[in-house]
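Keep in mind it's a predicted model, so treat the numbers as computed, not measured. One-based numbering along the sequence shown.
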Amino acid sequence: MVLLHVLFEHAVGYALLALKEVEEISLLLPQVEECVLNLGKFHSIVRLVAFCPFSSSQAALENANAVSEGVVHEDLRLLLETHLPSKKKKVLLGVGDPKIGAAIQEELGYNCQTGGVIAEILRGVRLHFHNLVKGLTDLSACKAQLGLGHSYSRAKVKFNVNRVDNMIIQSISLLDQLDKDINTFSMRVREWYGYHFPELVKVVSDNATYCRLAQFIGNRRELNEEKLEKLEELTMDGAKAKAILDASRSSMGMDISAIDLINIETFSSRVVSLSEYRQSLHTYLRSKMSQVAPSLSALIGEAVGARLIAHAGSLTNLAKYPASTVQILGAEKALFRALKTRGNTPKYGLIFHSTFIGRAAAKNKGRISRYLANKCSIASRIDCFSEVPTSVFGEKLREQVEERLSFYETGEIPRKNLDVMKEAMVQAEEAAAEITRKLEKREKKRLKKEKKRLAALALTSENNSSTPEECEEATEKPKKKKKQKLQEVPQENGMEDLSASYSKPKKKKPKEELVSGDLEETTGSSSVPKRKKSLPREEPVSYVEEAANSRKASKKKRKLSSQEEPASSGPEEAASSKSSSKKKKKLQKLSQED
């Protein structure tokens, strides 16, 4: 009996499953479809034999790339050789991808089967895989699939921002649309302003210059000799400026109101801004073409090369086209009409706008267009598949077209293509080396800037983390300094006794309050330290005398308090009031004597 195994590739690893009752399952396919949704029934059909998890995300990416390319990876080989039976003829392995199945059958010798019941079984395994493997949850499996999908897509795409042909397609389409719009709007300005100044159309033919002049002149009756210099700047021709001034004096146009003139000037300014934007867009297109397709733009020009890329859809599609298709690209209607009517097919399409076809004689236009299309296909392939884009090949191909054009006219034999390509290869290697050096320098500068930026961010984060502590230290230091100053200043002035008993008041209290406060403090304290004789400061003498008298009173009070112990707080208040009244009398006597 043939044993049927199924190989399932997941983002977390390979799983090998065994199926029961192979013959019945293969015959009853609708029942398998019903059993897939029910986990209990599905467990009765499928059994997990082995599971080989990937060691890292890089290993998962390598295995995914190998499976997509139809290559048997070493991890898959080890799993199959270890857990499948040794008799290979009795084993039937079901796989989802025919490529990997063919590779396994060729390298390992196992018979592989795809489609039919295998597809249904794999659908059920994919649905219930987190229940089949122990320790695997649905959330972790989804995260692994998402991460592997992103890394696999990035590895396949190999995206380069500087070489995007989509920007060229949009730019050239917008450029063509702007040309049409500017022509339409300029004709509207000519008709509108022509009612007032019809002679200006004959003098100035350029649309953008006409709109600038209409915006500058306004009412033709206000044009005089003072504005002649500005007219010369706009027209870039002194004769035209003089002709405009003369025509304004003898114009046959109708008079115009101020409101109409304002509307004409507003619309003219819009047309001028559109023409200026068109020039900046053309500059942008040239820069993008020099990055994406330098050889094609050097050969046939930026505008024609961009139109070829836009018509083909992308640079890769243009590189895949043969030279015969590139030759008539853009002339599809004429081609199908010629095929339908059995007439002459077109000789050229979009490449007709190239200067080479315009310079060739009428009898040589077909031949030069065919030769030019051949070189365009070569240039597009070089631009598409070269790692370092250079314009060396395009310049050499342009020289070949010039030689062929001169050959048609004069008969001078051109150089061989092999010799030209050898020269181009040597120059291209030198140019590529120079470009790589520049890119390396630019990358080094970018890395230096990035390091500096990261260092600055680290410093700012450290400063932000240390600011609260620094603020606390800064607030504590001034307080300490203030305390030290308060202690040092009285010692220098010889007023230690005052600094100990008095704090520097914001507002001077009355004499009576000071004395009473001193008496209360002395009565509350058991002992008062001896004071040194102090010299008077630059303060009133009465203030010092009050302090001295208060000290004497406190000493007397201390003697009384030592002899008589008060029983309660009431007698203390009475004694303090008596001593304060006596002190008041003494202070009044001292003030009278002074």
Side-chain angles (χ1 to χ4, degrees), residues 161-162 164-245 247-248 251 253-292 297 301-307 309-311 350 353:
V161 178
N162 296 321
V164 182
D165 50 3
N166 294 328
M167 305 301 167
I168 293 174
I169 295 170
Q170 297 298 326
S171 299
I172 193 63
S173 301
L174 181 58
L175 201 64
D176 293 339
Q177 188 66 40
L178 279 175
D179 288 335
K180 294 178 182 178
D181 293 342
I182 288 169
N183 288 332
T184 305
F185 296 156
S186 299
M187 291 302 297
R188 181 64 56 199
V189 172
R190 285 173 183 269
E191 292 179 6
W192 201 353
Y193 192 66
Y195 293 121
H196 177 63
F197 194 4
E199 290 81 7
L200 186 61
V201 178
K202 299 177 182 178
V203 180
V204 180
S205 59
D206 184 57
N207 291 331
T209 308
Y210 185 89
C211 293
R212 288 190 181 92
L213 287 170
Q215 185 183 3
F216 171 70
I217 294 170
N219 194 345
R220 72 172 190 276
R221 298 184 182 279
E222 297 177 0
L223 194 63
N224 49 25
E225 296 288 342
E226 296 177 355
K227 297 181 179 180
L228 186 62
E229 186 178 356
K230 184 66 176 178
L231 284 175
E232 290 180 1
E233 291 180 6
L234 292 173
T235 58
M236 304 295 291
D237 191 356
K240 282 186 178 180
K242 187 66 176 174
I244 290 169
L245 185 61
S248 66
S251 178
M254 58 178 283
D255 292 335
I256 193 168
S257 63
I259 187 67
D260 296 334
L261 196 60
I262 289 170
N263 281 283
I264 292 171
E265 289 176 355
T266 304
F267 187 57
S268 301
S269 65
R270 295 295 178 88
V271 179
V272 170
S273 64
L274 275 178
S275 62
E276 291 173 354
Y277 173 68
R278 195 255 179 208
Q279 292 178 357
S280 64
L281 185 64
H282 184 68
T283 306
Y284 166 75
L285 178 63
R286 291 180 63 182
S287 66
K288 292 300 290 184
M289 282 295 293
S290 64
Q291 293 176 359
V292 178
S297 58
E302 290 86 3
V304 182
R307 286 190 177 93
I309 293 172
H311 198 82
L350 289 171
H353 299 285

Completion exercise
Closest non-hydrogen contact found for Phe197 with Ser251 is CD1-OG, 3.8 Å
Practice task
Please name all residues satisfying salt bridge (charged side-chain N to carboxylate O under 4.0 Å, His left out) with Glu191, sequence neighbours left out, ordered by chain then number.
Solution key: Arg188
Exercise for the section: For Arg286 and Met289, run side-chain contact (heavy atoms from CB on, under 4.5 Å): C-alpha distance rounded to whole Å, both residues' side-chain angles, the deciding distance at 0.1 Å, then the answer. Expected result: CA-CA 5 Å; Arg286 291 180 63 182; Met289 282 295 293; 5.8 Å; no
Problem - Spatial distance of atom CZ (Arg212) from atom OG1 (Thr235) [nearest 0.5 Å] - result: 12.0 Å
Completion exercise
Between Val272 and Ala208 the two heavy atoms that sit nearest each other are CG2-O, 4.4 Å
Exercise for the section: Answer yes or no: is there a side-chain heavy-atom contact under 4.5 Å between Leu231 and Phe216? Expected result: yes
Exercise for the section: State the CZ-OG distance between Arg278 and Ser273, to the nearest 0.5 angstrom. Expected result: 14.5 Å
Practice task
Using a 4.5 Å cut-off on heavy atoms from C-beta on, say whether the side chain of Val189 contacts that of Asn207.
Solution key: no
Handout entry: Distance, nearest 0.5 Å, that separates CG of Asp181 from OG of Ser186
Key = 10.0 Å
Exercise for the section: Using the six-membered ring wherever Trp is involved, compare the ring planes of Tyr210 and Tyr193 and label them parallel, tilted or perpendicular (cut-offs 30° and 60°). Expected result: perpendicular
Practice task
Just jot down the side chain to side chain donor-acceptor pair (under 3.5 Å) partners of Arg270, sequence neighbours excluded, or say none.
Solution key: none
Handout entry: Rounded distance (nearest 0.5 Å) linking atom CG of Asn219 with atom CG of Asp260
Key = 11.5 Å
Practice task
Return the set of residues passing side chain to side chain donor-acceptor pair (under 3.5 Å) with Asn263 (not counting sequence neighbours), or none when no residue passes.
Solution key: none
Practice task
Check whether any side-chain heavy atom of Gln215 sits under 4.5 Å from a side-chain heavy atom of Val271, and report yes or no.
Solution key: no
Completion exercise
Nearest heavy-atom contact between Glu232 and Ala241 is CG-CB, 3.6 Å
Handout entry: Main-chain N/O of Met254 paired to His196 side chain as donor or acceptor, under 3.5 Å
Key = yes
Problem - Euclidean distance, Ile172 CD1 relative to Asp165 CG, rounded to 0.5 Å - result: 13.5 Å
Handout entry: Main-chain N/O of Ser205 paired to Thr209 side chain as donor or acceptor, under 3.5 Å
Key = no
Problem - Gap separating the CD1 atom of Ile256 from the CD1 atom of Ile264, nearest 0.5 angstrom - result: 3.5 Å
